[in-house]
Amino acid sequence: MVGEEGAFVLGWEEVLTEEELSTTLKVLCMSEEEFKEYKEQDGWEDDSEEEENSTLSYQALSRLKTPCKKLLYDSVLLTLESYGSDLKAEQDLLNNKEAYEKLSRREQQALHVRYGQKRILHQLLELLQ
């Protein structure tokens with residue numbers, strides 16, 4: 001369901017791998033009986049019109065059913081915990097000109113990437129609360 005990378009891609013305003021995330025949340029939030037029924041339909045791609053018309057903008061994510069929101073929220077927390085530092089530490093380093101200039105160009109670029117990723121994840125946490 002998630003693809004080769006085993007990850008979902010989030011942008012500033014929406015989920016960029018929305019089909020994978022939508023299917024994954026749907027399946028993981030099903031009861032065992034619902035899953036058996038869904039699997040027996042032989043049509044993982046033949047979902048209802050309701051799903052065809054839904055997109056996973058961040059606003060749509062905030063309207064997910066509680067079990068799906070909790071699962072996604074907890075997943076975001078686990079992702080944030082996998083980083084070696086928190087958002088504030090990255091921001092402090094970006095704001096400290098002297099310390100920032102001591103970093104190599106590659107380290108500076110990595111810092112900007114990490115900071116952007118963490119900001120997106122924190123934005124998602126706020127929407128899911």
Next item on the list: Applying side chain to side chain contact (heavy atoms under 4.5 Å, CB included) between Leu25 and each of Ser75, Cys68, Pro67, report the one that passes.
Entry: Cys68
Next item on the list: Quick one: closest heavy-atom pair of Leu61 and Leu128, and the distance?
Entry: O-CD2, 3.7 Å
Checklist line | Leu93 versus Ala99, closest heavy-atom pair with distance | finding: CD1-CB, 3.7 Å
Next item on the list: Of all the heavy-atom pairs spanning Lys118 and Asp86, show the shortest one and how long it is.
Entry: NZ-O, 3.7 Å
Notebook entry, point to check: So which heavy atom on Lys69 is nearest to which on Leu64, and how close?
Noted result: CD-O, 3.1 Å
Check: Under the ring pair (Phe, Tyr, Trp, His ring centres under 6.0 Å) test, which residues partner His122, sequence neighbours left out?
Finding: none
Note to self: Could you check whether atom CD of Gln109 has more than 12 heavy atoms from other residues, nucleotides or ligands sitting under 6.0 Å from it?
What the structure shows: yes
Checklist line | Separation between CD1 of Ile120 and CG of Leu87, rounded to the nearest 0.5 Å | finding: 11.5 Å
Check: Atom CG in Leu111, atom CD in Gln91: separation rounded to 0.5 Å?
Finding: 10.5 Å
Next item on the list: State, to 0.1 Å, how close Met30 and Phe35 come at their nearest heavy-atom pair, and which atoms those are.
Entry: SD-CA, 3.6 Å
Next item on the list: For Leu16 and Glu14, run side chain to side chain contact (heavy atoms under 4.5 Å, CB included): C-alpha distance rounded to whole Å, both residues' side-chain angles, the deciding distance at 0.1 Å, then the answer.
Entry: CA-CA 6 Å; Leu16 302 176; Glu14 64 188 5; 4.0 Å; yes
Note to self: What's the separation between atom CG in Leu121 and atom CG in Leu78, rounded to the nearest 0.5 Å?
What the structure shows: 11.5 Å
Margin query: Assigning hydrophobic clusters by single linkage (Ile, Leu, Val, Met, Phe, Trp, Tyr; side-chain heavy-atom cutoff under 4.5 Å), is Tyr83 placed with Leu103?
Written below: no
Item checked: Partner residues of Lys70 under the salt bridge (charged side-chain N to carboxylate O under 4.0 Å, His left out) criterion, sequence neighbours left out -> Asp74
Next item on the list: Give a yes or no on whether the backbone of Ser85 and the side-chain of Glu90 come within a donor-acceptor separation of less than 3.5 Å.
Entry: no
Margin query: Would you compute the distance between atom CD of Glu20 and atom CZ of Phe8 and round it to the nearest 0.5 angstrom?
Written below: 7.5 Å
Notebook entry, point to check: Does Lys36 pair with Glu32 as a salt bridge, N-O distance under 4.0 Å?
Noted result: yes
Item checked: Polar side-chain atom of Asn96 near backbone of Asp92 as donor-acceptor pair, under 3.5 Å -> no
Next item on the list: Examine distances only and state if a side-chain atom of Thr17 and a backbone atom of Val9 form a donor-acceptor pair shorter than 3.5 Å.
Entry: yes
Check: Knowing that exactly one of Leu124, Leu72, Leu10 qualifies, which makes a side chain to side chain contact (heavy atoms under 4.5 Å, CB included) with Val15?
Finding: Leu10
Check: Hey, mind stepping through Tyr115 and His112 against side chain to side chain contact (heavy atoms under 4.5 Å, CB included) and telling me if it holds?
Finding: CA-CA 5 Å; Tyr115 179 70; His112 284 280; 5.7 Å; no
Note to self: Given 3.5 Å as the limit, does a donor-acceptor pair link the side chain of Ser22 with the main chain of Glu19, or not?
What the structure shows: no
Next item on the list: Grab the two heavy atoms, one from Gln123 and one from Trp12, that are nearest each other, plus how far apart they are.
Entry: NE2-O, 3.1 Å
